[in-house]
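Some notes on the structure that comes next.
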Amino acid sequence: MKIWWFANFYWFSLLIYLNVFMFNFHYADGSSINPFVVTFLLLAICIMVGEFQFAWYMWLAKKTYKPRKRKKTQNDSTVWL
C-alpha cells in the first residue's frame, strides 16, 4: 500500500505541474492555449488517473465490488408505460 500512496503523490504533483505549465504556456507569437481546452484536458486526466488508482487500490486491498441486492417491495409489480 505504500507504493499506492507514493503513486497518489506522484499523480497529484504531476497534475499540479501540468496545471501550472499549461495555463502559463504561450506560443512564439504570444498567443496562449484556450483555457476551456486546458480545463477539459486536465479534467479528463484526473478522471482517468482516479479510475486507475481506484482499481489499483481495490486490487491491492483484495476487495471486490458486489452490488447490493434490492429488496422487493409491494410496488415492484408496477408497469411503466
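Values below: every heavy atom of this structure, side chains too, minus hydrogens, waters and symmetry copies. All residue numbers in this chain count up from 1 along the given sequence.
The OH atom of Tyr57 sits 8.5 Å away from the CH2 atom of Trp5 when rounded to the nearest 0.5 Å.
No continuous path of hydrophobic side-chain contacts links Phe12 to Val49 [ILVMFWY only; heavy atoms under 4.5 Å]. Note on Leu15: it does not cluster hydrophobically with Phe40, by side-chain heavy-atom contacts below 4.5 Å among ILVMFWY residues. In the hydrophobic clustering of this structure, Tyr10 groups with Leu42; members are Ile, Leu, Val, Met, Phe, Trp, Tyr whose side-chain heavy atoms approach within less than 4.5 Å, directly or through other members. In the hydrophobic clustering of this structure, Phe54 groups with Phe52; members are Ile, Leu, Val, Met, Phe, Trp, Tyr whose side-chain heavy atoms approach within less than 4.5 Å, directly or through other members.
In the displayed structure, Trp56 atom CH2 is contacted under 6.0 Å by more than 12 heavy atoms of other residues, nucleotides or ligands. The number of heavy-atom neighbours closer than 6.0 Å to CE of Met48, taken from other residues, nucleotides and ligands shown, is 12 or below.
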